[in-house]
Amino acid sequence: MGAKYRGSIRDFPDFNPSQDAETLYNAMKGFGSDKEAILELITSRSNRQRQEICQNYKSLYGKDLIADLKYELTGKFERLIVGLMRPPAYADAKEIKDAISGIGTDEKCLIEILASRTNEQIHQLVAAYKDAYERDLEADITGDTSGHFRKMLVVLLQGTREEDDVVSEDLVQQDVQDLYEAGELKWGTDEAQFIYILGNRSKQHLRLVFDEYLKTTGKPIEASIRGELSGDFEKLMLAVVKCIRSTAEYFAERLFKAMKGLGTRDNTLIRIMVSRSELDMLDIREIFRTKYEKSLYSMIKNDTSGEYKKTLLKLCGGDDDAAGQFFPEAAQVAYQMWELSAVARVETLRPIAGGGGDHGLALICGFGVSGTDEDTIIDIIAHRSNAQRQQIRQTFKSHFGRDLMADLKSELSGDLARLILGLMMPPAHYDAKQLKKAMEGAGTDEKALIEILATRTNAEIQAINKAYKEDYHKSLEDALSSDTSGHFKRILISLATGNREEGGEDRERAREDAQEIADTTSGDKSSLETRFMMILCTRSYPHLRRVFQEFIKMTNYDVEHTIKKEMSGDVRDVFVAIVQSVKNKPLFFADKLYKSMKGAGTDEKTLTRIMVSRSEIDLLNIRREFIEKYDKSLHQAIEGDTSGHFLKALLAICGGED
């Protein structure tokens with residue numbers, strides 16, 4: 001299997017197929033079956049060895065082993081064990097047959113298999129399907145699908161992707177131009193170009209195309225696919241792009257989504273654990289641990305039960321949350337992911353041309369005699385930049401001698417009023433007000449304090465300090481001092497100085513910083529929190545990303561994991577927020593938005609605060625992270641969780657359906 005083998009299941013040493021066949025026969029003999037013995041044996045043999053066991057079982061007992069296993073076992077455990085007993089190509093063939101049989105089609109299964117398999121695996125799949133079902137796979141898929149989705153599936157079924165590692169720079173540039181002209185620059189979309197290039201070019205070539213596409217257009221190829229394509233065809237093309245970038249990361253994401261939230265997508269979980277156990281399970285585990293900050297093993301353990309769980313854990317092959325199990329290579333993978341999120345072009349919602357002061361005149365129409373016209377108010381305010389809204393406020397006062405904010409406050413109410421009034425305030429004054437509200441009255445809204453102070457830039461923090469003093473005649477530092485205490489107070493005050501370093505990384509210093517916070521045994525808890533504060537609150541973002549990488553190399557753990565383990569309460573929460581913001585700020589806000597809308601009830605304050613404050617900074621990036629992680633768009637989530645004019649205003653700010 002060689003040094004580069006990355007599967008979790010290996011050939012069993014001193015393998016004896018006849019003895020194994022006898023063990024399985026005895027495990028199924030008599031009343032009931034010894035499920036423990038069955039799973040222990042099957043998960044400790046490679047697929048090649050399992051085929052030999054099947055042959056010996058038939059020779060010894062004149063019976064079909066798979067048929068006996070189906071008879072003795074039930075449910076998910078039976079599906080998993082039987083899947084392991086089939087040769088890989090025949091397991092894929094069975095999955096596809098099930099996906100297109102009966103009423104409806106399991107498009108996700110078709111996409112997953114055909115987007116991820118190599119040329120050789122596709123050829124073996126086509127042959128296995130023909131052998132097992134005496135049918136032509138292409139004909140069956142063609143008969144069960146339609147449109148551009150069908151065309152791309154047929155292209156992938158040919159198994160003719162170029163495999164030449166020699167890449168022509170001229171062809172890379174040509175493909176970038178062709179894709180750009182087929183989508184972004186064209187009225188309508190030339191789907192054939194997307195199909196031809198993404199379905200035929202080599203992986204190495206396409207990775208260069210994707211890099212060059214980002215440089216040329218300012219957006220990743222995924223964003224163009226989401227904007228230009230739709231439905232199952234869009235999902236297929238996104239899956240192809242993900243597999244070109246990293247097949248292991250594609251499967252890590254599929255596994256995470258199969259287990260997150262209520263219920264488990266067992267068919268997906270089984271299919272991936274079976275099909276990748278002898279290919280790249282170690283790579284999948286590594287990326288899973290880095291991307292989701294928990295091990296694949298622990299997630300399976302918490303999400304499944306019984307012999308089914310035991311079998312899946314055997315296929316997983318190890319727990320990367322155990323000491324020393326975090327692969328050293330993951331430090332580099334993690335750093336690259338954090339760096340990518342930092343350099344991705346920040347997209348903002350653009351102001352409407354000519355949408356300035358004159359629209360103050362139109363707003364008066366919103367305050368009609370027969371009641372308030374919320375639609376007019378939303379259409380104007382939610383489609384203007386903050387600078388344009390300030391012009392509108394001035395024009396409104398010049399023309400009518402009235403304060404627009406006061407009029408809006410008297411005419412609107414509830415969530416819509418909070419949202420519209422928030423949009424009308426200059427950003428620093430809005431943040432200052434949110435901080436003031438978080439500290440006034442009984443109790444403190446620590447989450448709001450953390451969200452704002454842990455994510456703002458130096459310039460933004462300094463503007464907030466000025467606005468706070470101007471609006472409330474008290475310094476922000478004094479307000480924080482009187483409303484918080486202990487280490488939490490010290491951390492917030494440190495963040496509120498807006499004095500974070502702004503240079504690049506210093507590798508030698510990053511190693512020293514990582515060592516400083518990696519030593520969790522020396523000193524007391526208070527000393528550890530002080531060391532974390534001195535580094536997390538003062539170092540620049542690029543430098544901290546390097547510190548986090550060095551930390552992984554030293555400890556085998558992500559820094560966030562250590563914070564959660566060693567600290568508690570508000571101190572833990574603020575440090576975690578800083579770390580997440582440094583790694584990927586749009587993802588931090590996407591998570592906050594998702595949590596504000598999931599489950600029973602909606603946290604309208606958090607939803608409003610983020611939509612207002614990020615609308616002209618990185619809301620499009622947040623939208624991209626949201627759909628990537630949660631498999632639905634921010635637009636859909638808002639639509640399903642809010643209503644009325646509040647919904648309409650939020651969707652206008654959101655800026656589009658992804």
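- Proximity of Asp144 to Leu110: side-chain heavy atoms (C-beta onward) are nowhere separated by under 4.5 Å.
- Classification of Glu639 and Lys632 as a salt-bridged pair fails, no side-chain N sitting under 4.0 Å from a carboxylate O.
- Of the possible donor and acceptor atoms, none in the side chain of Asp131 sits under 3.5 Å from a partner among the backbone N and O of Ala127.
- Between the Asp641 side chain and the Ala637 main chain, no donor and acceptor come within less than 3.5 Å of each other.
- Taking each heavy atom of Ile244 and Arg207 in turn, the nearest pair found is O-NE, 2.8 Å.
- Results of the side-chain contact (heavy atoms from CB on, under 4.5 Å) test with Leu634 over Ile627, Leu620, Leu619 single out Leu619 as the only residue that passes.
- Using modelled atom types, one side-chain atom of Arg50 and one backbone atom of Arg45 make a donor-acceptor pair closer than 3.5 Å.
- In summary, Lys108 and Glu112 do not engage in a salt bridge, as defined by a charged side-chain N under 4.0 Å from a carboxylate O.
- With hydrogens and angles disregarded, no donor-acceptor distance shorter than 3.5 Å links the side chain of Arg254 to the backbone of Thr268.
- Between Glu95 and Arg271, at least one side-chain nitrogen of the basic residue sits less than 4.0 Å from a carboxylate oxygen of the acidic one, meeting the salt-bridge criterion.
- Judged by distance alone, the side chains of Glu120 and Gln124 do bring a donor and an acceptor atom under 3.5 Å apart.
- For the side chain to side chain donor-acceptor pair (under 3.5 Å) criterion with Thr247, the lone passing option out of Lys242, Lys203, Arg276 is Lys203.
- By the 6.0 Å contact criterion, NZ on Lys629 is enclosed, its count of non-hydrogen atoms from other residues, nucleotides or ligands being greater than 12.
- The neighbour count for Tyr61 OH, taken as heavy atoms of other residues, nucleotides or ligands under 6.0 Å away, is above 12.
- Side-chain contact between Leu114 and Ile141: present, with at least one pair of heavy atoms (C-beta onward) separated by less than 4.5 Å.
- Side-chain atoms of Tyr25 and Asp68 include no donor-acceptor pair closer than 3.5 Å.
- Residues Glu278 and Asn47 bring no donor and acceptor atom of their side chains to less than 3.5 Å of each other.
- Look at Glu253 and Lys257 and you find a salt bridge, because one of the NZ, NE, NH1 or NH2 atoms lies within 4.0 Å of a carboxylate O, short of that distance.
- In this structure, Arg161 contributes its side chain and Ser202 its backbone to no donor-acceptor pair below 3.5 Å.
- Surrounding NZ of Lys294 are at most 12 heavy atoms belonging to other residues, nucleotides or ligands under 6.0 Å away.
- In terms of modelled atom types and a separation under 3.5 Å, the side chain of Asp280 and the main chain of Asp283 share no donor-acceptor contact.
- A donor-acceptor distance shorter than 3.5 angstrom exists from the side chain of Ser44 to the backbone of Leu41, with no hydrogens or angles considered.
- The shortest distance between side-chain heavy atoms of Phe77 and Ile270 does not fall below 4.5 Å.
- Judged by distance alone, with hydrogens and angles left aside, the side-chain atoms of Arg285 form a donor-acceptor pair with the main-chain N or O of Cys316 at under 3.5 Å.
- A donor-acceptor contact shorter than 3.5 Å links the side chain of Gln49 to the backbone of Phe12.
- A salt bridge is defined here as a Lys NZ or Arg NE, NH1 or NH2 lying under 4.0 Å from an Asp or Glu carboxylate O, and Lys585 with Asp618 fails to meet this definition.
- Side-chain atoms of Asp178 and Gln174 include a donor-acceptor pair closer than 3.5 Å.
- Heavy-atom neighbours of Glu162 CD from other residues, nucleotides or ligands within 6.0 Å: above the threshold of 12.
- A distance-only check finds no donor-acceptor pair linking the side chain of Asp11 to the backbone of Ser46 [under 3.5 Å].
- Between Glu40 and Lys314 there is a salt bridge, with a side-chain nitrogen of the basic residue lying less than 4.0 Å from a carboxylate oxygen of the acidic one.
- A cation-pi contact, defined as under 6.0 Å to the ring centre and within 45° of the axis, links Lys97 to Tyr133.
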